[in-house]
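Counting convention: from 1, in listed order, for ligands and their atoms alike. Just so it is clear, the values below take in all heavy atoms, side chains as well, and ignore hydrogens, waters and symmetry mates.
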Amino acid sequence: MTLPFSELTADLDDIARQGLYRSRRVIASPQGINLEIDGKQLVNFCSNDYLGLANHPDVLDAFKAGVDQYGVGSGSAHLICGHSAAHHALEEELAAFTGRDRALLFSTGYMANIGVISALLGRSDAVFEDRLNHASLLDGGLLSGARFKRYAHADAADLETNLNKAAGRKLIVTDGVFSMDGDFAPLDELALSAKKHDAWLMVDDAHGLGVIGERGGGIVEHYRLSQDDVPALMGTLGKGFGTFGAFVAGSEALIETLIQKARTYIYTTALPAAVAEATRAGLKIVIEESWRRDKLKQLSEQFKQGAEQLGLTLMPSLSAIQPILIGDSQTAVAISNTLANAGFLVSAIRPPTVPQGGARLRVTFSALHEQRHVEQLLDALDKAMAGRK
Ligand SMILES: Cc1ncc(COP(=O)(O)O)c(C=O)c1O
């Protein structure tokens with residue numbers, strides 16, 4: 001008799017042979033631009049803490065005060081006895097921030113996406129997703145049981161072709177800022193298509209909220225789109241807002257439907273109230289400190305210019321995500337390791353997170369980086385990529 005799971009070893013070996021093996025680095029310091037890993041200091045260029053709020057003193061103080069007031073665990077799901085005044089206040093503040101009627105907190109973005117799509121659609125409906133959507137959106141579409149169609153990346157014309165053939169309720173789903181590419185969805189065109197075909201539009205703006213737009217209103221601020229144009233807006237709190245969790249914002253009817261029907265809302269423990277308090281402090285900084293967004297733009301611009309001079313292949317990104325396309329997975333990992341040895345943390349992103357042959361180094365910036373950090377990274381990249389460009 002073989003030991004349980006022993007046959008999985010061959011699968012793991014296969015993953016490793018393809019250069020796709022994933023492993024974790026153990027961090028011993030607070031989240032920020034300087035991380036301690038295995039006793040070594042690295043400058044961090046792969047976090048989604050774009051505004052540098054994950055370890056901001058105001059956010060930490062609010063978290064500690066939240067623990068004093070509410071304890072650590074929330075005790076149950078929101079619909080049982082887990083919905084605190086802190087959660088409620090944060091929902092109201094997020095609704096005001098996004099200019100939507102209401103907002104509803106979810107424990108993670110992954111759960112929000114699965115919950116929304118499954119609550120809105122059933123077997124007689126259809127969901128249309130950008131080919132490069134985040135895994136949680138794709139999983140949500142598949143789990144909903146609706147007819148599942150993927151359209152070409154950022155291609156409203158291809159979406160139109162698919163919409164023409166659809167029956168039942170129709171939901172168009174897209175990332176706002178694409179997480180692994182950094183480019184924007186053509187949201188103005190998608191909103192027009194949605195109206196023309198009487199379809200709903202859902203946007204996951206995990207990487208845009210707090211970061212894009214003068215006020216940090218994200219992709220909908222960039223395109224000046226209202227709740228009427230984008231009726232379901234989803235955002236995560238673990239990126240630009242510096243904490244953890246997610247929310248969906250929209251009309252009264254949408255939010256009440258989610259409370260009644262979204263299984264990933266109903267059947268899970270509410271995130272800790274102290275996290276909600278910390279997020280309220282993060283949101284205040286998002287609103288008040290636009291210099292963080294300006295700084296991100298400057299750093300990204302400096303990096304783009306420097307990388308172009310070095311002959312690196314960048315992607316058409318307008319955000320704080322600036323991936324360098326490598327292609328081969330093993331090469332991407334080798335360069336990432338060389339950079340780590342030189343003191344820079346840049347993650348190699350490989351299939352299936354990105355398409356086959358699309359392995360890349362996903363460079364991200366934080367408002368806490370300085371010009372010199374970008375110069376040092378460019379210098380290290382030049383050395384690490386010598387002979388590989
Ligand atoms: C576009 C996008 N949507 C959703 C998620 C999931 O959010 P969370 O980490 O809160 O589960 C992520 C990444 O984490 C993401 O990049």
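- The ring-ring contact (aromatic ring centres under 6.0 Å, His included) check on Phe128 picks up nothing, with sequence neighbours excluded.
- Residues satisfying the side-chain contact (heavy atoms from CB on, under 4.5 Å) criterion with Ala152, sequence neighbours excluded, are Asp155, Asp158.
- Taking a heavy-atom cut-off of under 4.0 Å, ligand 1 is surrounded by Thr108, Gly109, Tyr110, Asn113, His134, Ser136, Asp175, Ser179, Asp204, Ala206, His207, Thr236, Lys239, Gly245.
- Taking the six-membered ring where the residue is Trp, the centroids of Phe45 and His369 are separated by under 6.0 Å.
- Checked against the 6.0 Å centroid threshold, Phe303 and Phe365 count as a close aromatic pair.
- In this structure, Tyr110 shares a hydrophobic cluster with Ile114, Leu143, the cluster being traced through Ile, Leu, Val, Met, Phe, Trp and Tyr side chains under 4.5 angstrom apart.
- Between Lys149 and Glu129 there is no side-chain heavy-atom pair separated by less than 4.5 Å.
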